[in-house]
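The sequence lines fix the lettering, A, B, ..., with proteins before strands; numbering per chain opens at 1.
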Protein chains: 2
Amino acid sequence: MFSIGDLSRRTGVKVPTIRYYEQMGLVAAPERSDGNQRRYGRQELERLAFVRHARDLGFGVDDIRALIELSGHPDQPCGHADSIAAEQLASVREKIARLKRLETELERIATCCDGKTVGDCYVIRALSDHALCADDHA
Amino acid sequence: MFSIGDLSRRTGVKVPTIRYYEQMGLVAAPERSDGNQRRYGRQELERLAFVRHARDLGFGVDDIRALIELSGHPDQPCGHADSIAAEQLASVREKIARLKRLETELERIATCCDGKTVGDCYVIRALSDHALCADDHA
DNA sequence: GTAATTCCTCTAGTCACTAGAGCTTCAAGA
DNA sequence: TCTTGAAGCTCTAGTGACTAGAGGAATTAC
């Protein structure tokens with residue numbers, strides 16, 4: 001049996017975040033001590049580690065709820081879990097693609113400024129005039 | 001002179017977002033018609049385009065305020081503008097690096113599942129057991 | 001026994017918007 | 001000129017995933 005602080009140290013999830021996850025239904029409300037403090041066991045630790053891991057991988061709260069629900073039914077087909085993961089992968093790839101376009105544009109903007117004053121600063125001019133951009137990062 | 005709707009169509013910034021930018025001080029409060037509706041001119045259009053462009057590039061509101069402030073002083077040295085842009089570039093690069101680590105891990109998770117039920121689904125097992133992960137994406 | 005630490009609940013703030021209610025103004029056609 | 005429907009106005013509240021702080025109670029270490 002450990003306290004919320006112990007659980008926090010073991011999982012790397014901050015104390016208020018654990019309480020928030022409980023409120024959101026990602027982890028079950030645990031037993032309480034006589035003085036009304038939360039007391040956790042091994043099962044809760046594993047569940048929280050699962051949640052933390054899924055969050056680290058960028059899954060949203062709703063996805064995680066669905067994955068937890070699924071993990072409680074080991075006999076069901078796992079197509080749904082697969083598709084949640086595949087969607088997350090697609091969304092990560094999209095974000096990477098978008099950020100790479102930004103990177104290209106920012107490189108051009110941030111490294112081309114050889115003016116000394118704002119008046120001829122390439123950063124400012126590029127922001128003022130979208131036409132100076134190489135591609136359509138919008 | 002155009003209305004907020006015209007401005008929205010010309011810049012691609014939604015009407016409530018324009019009002020929000022005004023509230024945040026990113027664009028100046030414009031003249032009003034007799035009936036209290038906003039009336040914009042060319043200058044406001046350019047300013048909003050600047051803001052939109054900077055937002056598209058991922059700059060935060062505070063950065064944009066600073067860049068606008070700078071662009072109003074063409075005689076000052078532009079080192080500050082450069083450093084804002086350089087910081088933004090660094091932050092974009094960091095995000096890309098992080099997302100790539102996630103991508104690698106998600107690829108492993110999402111493509112390795114050849115089980116038929118949740119019980120032996122690799123997605124669920126991988127989330128339960130961080131030790132299955134190749135690298136430290138946390 | 002006491003002092004320091006940790007815990008509790010509750011509210012409110014973050015960022016950059018977005019949605020909706022309830023009302024007024026504007027522009028175009030009859 | 002009248003009417004109708006779109007577009008405008010302000011204000012409040014909601015989004016996601018936390019984070020911060022107030023004010024007080026419980027636990028733990030010495």
* **Donor-acceptor contact present, side-chain A/Gln88 to main-chain A/Leu57, <3.5 Å** => yes
* Asked: B/Arg65: what forms a salt bridge (Lys or Arg N to Asp or Glu O under 4.0 Å) with it, not counting sequence neighbours?
  -> B/Asp62
* Look at the side chain of B/Glu44 and the backbone N and O of B/Gly41, then say whether any donor-acceptor pair between them is shorter than 3.5 Å. => yes
* d(OH, A/Tyr21; C1', D/dA17) in whole Å -> 7 Å
* Asked: Just to confirm, is there a sub-4.0 Å distance from OP1 or OP2 of D/dC18 to any side-chain nitrogen or oxygen of A/Arg19?
  -> no
* To do: To the nearest Å, give me how far apart CG (B/Leu7) and P (D/dG8) are.
  => 10 Å
* **A/Phe59 vs B/Leu106, side chain to side chain contact (heavy atoms under 4.5 Å, CB included): CA-CA, chis, key distance, verdict** => CA-CA 10 Å; A/Phe59 289 94; B/Leu106 282 167; 3.8 Å; yes
* Can you list, by residue number, the residues of residues 31-49 of chain A that have a non-hydrogen atom closer than 4.0 angstrom to DNA chain C? -> A/Arg32, A/Asn36, A/Gln37, A/Arg38
* Asked: Which residues in residues 58-68 of chain A have at least one heavy atom lying under 4.0 Å from any atom of DNA chain D?
  -> A/Gly60, A/Val61
* **For atom CD of A/Gln23 and atom P of D/dC18, their distance in whole Å** => 13 Å
* Asked: Going by an N to O cut-off under 4.0 Å, is there a salt bridge joining A/Lys100 and A/Glu103?
  -> no
* To do: Scan for side chain to side chain donor-acceptor pair (under 3.5 Å) pairs involving residues 4-14 of chain A, sequence neighbours excluded, and state none if there are none.
  => A/Ser3-A/Asp6, A/Asp6-A/Arg9
* **B/Arg39 side chain reached by B/Arg32 side chain, heavy atoms, under 4.5 Å** => no
* B/Gln37 and B/Ile4, any side-chain heavy atoms less than 4.5 Å apart -> no
* Among residues 11-18 of chain A, which residues get a heavy atom nearer than 4.0 Å to DNA chain C? -> none
* Asked: Once you round it to whole Å, what is the distance between C1' of D/dT27 and CZ of A/Phe2?
  -> 18 Å
* Pairwise distance OH(B/Tyr40) to CG(B/Leu48) - rounded to 0.5 angstrom -> 8.0 Å
* Answer yes or no: is there an ion pair linking B/Glu105 with B/Arg108, defined by an N-O contact shorter than 4.0 Å? => yes
* For A/Ile4 and D/dA26, give me the distance from atom CD1 to atom P, rounded to whole Å. => 17 Å
* Would you kindly give the CE-to-P distance between B/Met1 and D/dG8, to the nearest whole Å? => 16 Å
* Asked: Which heavy atom of A/Asp56 sits nearest a heavy atom of B/Arg98, and at what distance?
  -> O-NH2, 3.3 Å
* Structure fact -> Outermost contacting nts on DNA chain C, any atom under 4.0 Å from chain A heavy atoms, listed 5' then 3', are C/dC7 to C/dT9
* Asked: From B/Ile96 CD1 over to B/Arg93 CZ, what is the distance, rounded to the nearest 0.5 angstrom?
  -> 8.0 Å
* To do: Mark yes or no for whether A/Glu87, through its side chain, and A/Ile84, through its backbone, hold a donor-acceptor pair below 3.5 Å.
  => no
